[in-house]
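First comes the structure, then the notes that go with it.
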Amino acid sequence: MSPETTSDDIETEGLMRLVRSEFEHIVHTGHQIAPEALLNVASEAESNGLSFTILSNLGHVSVAARQEMLETDDDKERLRKLLEVLHREADIIEVQRHIRARVEKEIGDNQREMILREQLKAIQEELREHDDRGSEIDEYRQRIRDTHMPPDAEERALKEVERLERMPYGAPEGVVIRNYLDWLIALPWSKE
């Protein structure tokens, strides 16, 4: 065996290892090629078999690129071309991963924003209900003062307003208190 042949064999073996490694990287990161393909690639001892086995598993490679590799007679040149194709596939997979991650982040941000908007809407409705109730309580206090009730009746009416204020909105007892306050306010306190 001459030193030149040994050097040739070493270069071919180095190219084959690079091609296998790049193909394995594509299989693991791309998830588009079945992991079983790695077994077929690992079992190929010759460069032609390795090239054609890998090429058969790359569905996204153009027909022109496939034809060019098939027509290449030099094993090392075919491996170099295949390595270029594999590098290009790896780059495309990386770009796809970045795009997918960005889209998922945007979708996640949009969903988060939608949830926060719904929560804000619920809080605003609750605050509006509280504000409406607060204005109702203030209105009762003002109307009680405007009727010029005797001090005992006014004190009793204001205590009922405080009870109404502490009570949950829509409680059945609240209706009774409102009716009682409306009745007290409607009495002609300042007329003889």
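Residue indices begin at 1 and follow the sequence shown.
- Distance check, rounded to the nearest 0.5 Å: CD of Q142 to OG1 of T147 gives 10.0 Å.
- Clustering ILVMFWY residues whenever any of their side-chain heavy atoms sit less than 4.5 angstrom apart, transitively, puts W189 in the very cluster that holds Y180.
- Salt-bridge annotation for K159 and E162: absent, with no side-chain N of the basic residue lying under 4.0 Å from a carboxylate O of the acidic one.
- Around atom CD of E46, no more than 12 heavy atoms belonging to other residues, nucleotides or ligands sit under 6.0 Å away.
- Under the 4.5 Å side-chain heavy-atom criterion for Ile, Leu, Val, Met, Phe, Trp and Tyr, W183 and I177 are members of the same hydrophobic cluster.
- The two residues A90 and H25 come nearest to each other via the heavy atoms CB-CD2, 4.0 Å.
- The shortest distance between side-chain heavy atoms of K105 and D109 falls below 4.5 Å.
- Considering only heavy atoms from C-beta on, H148 stays 4.5 Å or farther from E154 through its side chain.
- Taking 4.0 Å as the cut-off between side-chain N and carboxylate O, K81 and E71 do not count as a salt-bridged pair.
- A 4.5 Å side-chain heavy-atom check between M69 and V85 finds at least one atom pair inside the cut-off.
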Please step through side-chain contact (heavy atoms from CB on, under 4.5 Å) for the pair L86 and L58, ending with a clear verdict.
-> CA-CA 9 Å; L86 290 172; L58 298 176; 3.7 Å; yes
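- Looking only at side-chain heavy atoms (C-beta outward), Q119 and L116 come within less than 4.5 Å of each other.
- Side-chain contact between Y140 and L158 is absent, with no heavy atoms from C-beta onward closer than 4.5 Å.
- From L55, atom CG reaches atom CG of L50 across 10.5 Å, with rounding to the nearest 0.5 Å.
- In this structure, CD on E165 lies 8.0 Å from CG on D138, to the nearest 0.5 angstrom.
- One finds no salt bridge joining E24 and R20 here, because no Lys/Arg side-chain nitrogen approaches an Asp/Glu carboxylate oxygen to under 4.0 Å.
- The cluster map of Ile, Leu, Val, Met, Phe, Trp and Tyr, joined by side-chain heavy atoms under 4.5 Å apart, puts L83 and V27 in the same cluster.
- Between the CD atom in E84 and the CD atom in E22 there is a gap of 12.0 Å [rounded to 0.5 Å].
- Atom-to-atom distance recorded for E155:CD and I144:CD1 is 12.0 Å, nearest 0.5 angstrom.
- One distance of note links CD of E13 with CG of L79; it measures 10.0 Å at 0.5 Å rounding.
- Within the 4.5 Å cutoff, side-chain heavy atoms of R100 are placed close to those of R97.
- Side-chain contact between D75 and L15 is absent, with no heavy-atom pair separated by less than 4.5 Å.
- Linking Ile, Leu, Val, Met, Phe, Trp and Tyr residues whenever their side-chain heavy atoms come within less than 4.5 Å places M167 and L184 in a single cluster.
- Residues D146 and I185 are not in side-chain contact: their nearest non-hydrogen atoms beyond the backbone lie 4.5 Å or more apart.
- In terms of modelled atom types and a separation under 3.5 Å, the side chain of R178 and the main chain of G174 share a donor-acceptor contact.
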So R102 and H98, side-chain contact (heavy atoms from CB on, under 4.5 Å) or not? Walk me through it.
-> CA-CA 6 Å; R102 189 173 61 232; H98 286 299; 5.6 Å; no
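- Scanning all heavy atoms of the two residues, the minimum distance from S51 to L82 falls at CA-CD2, 3.6 Å.
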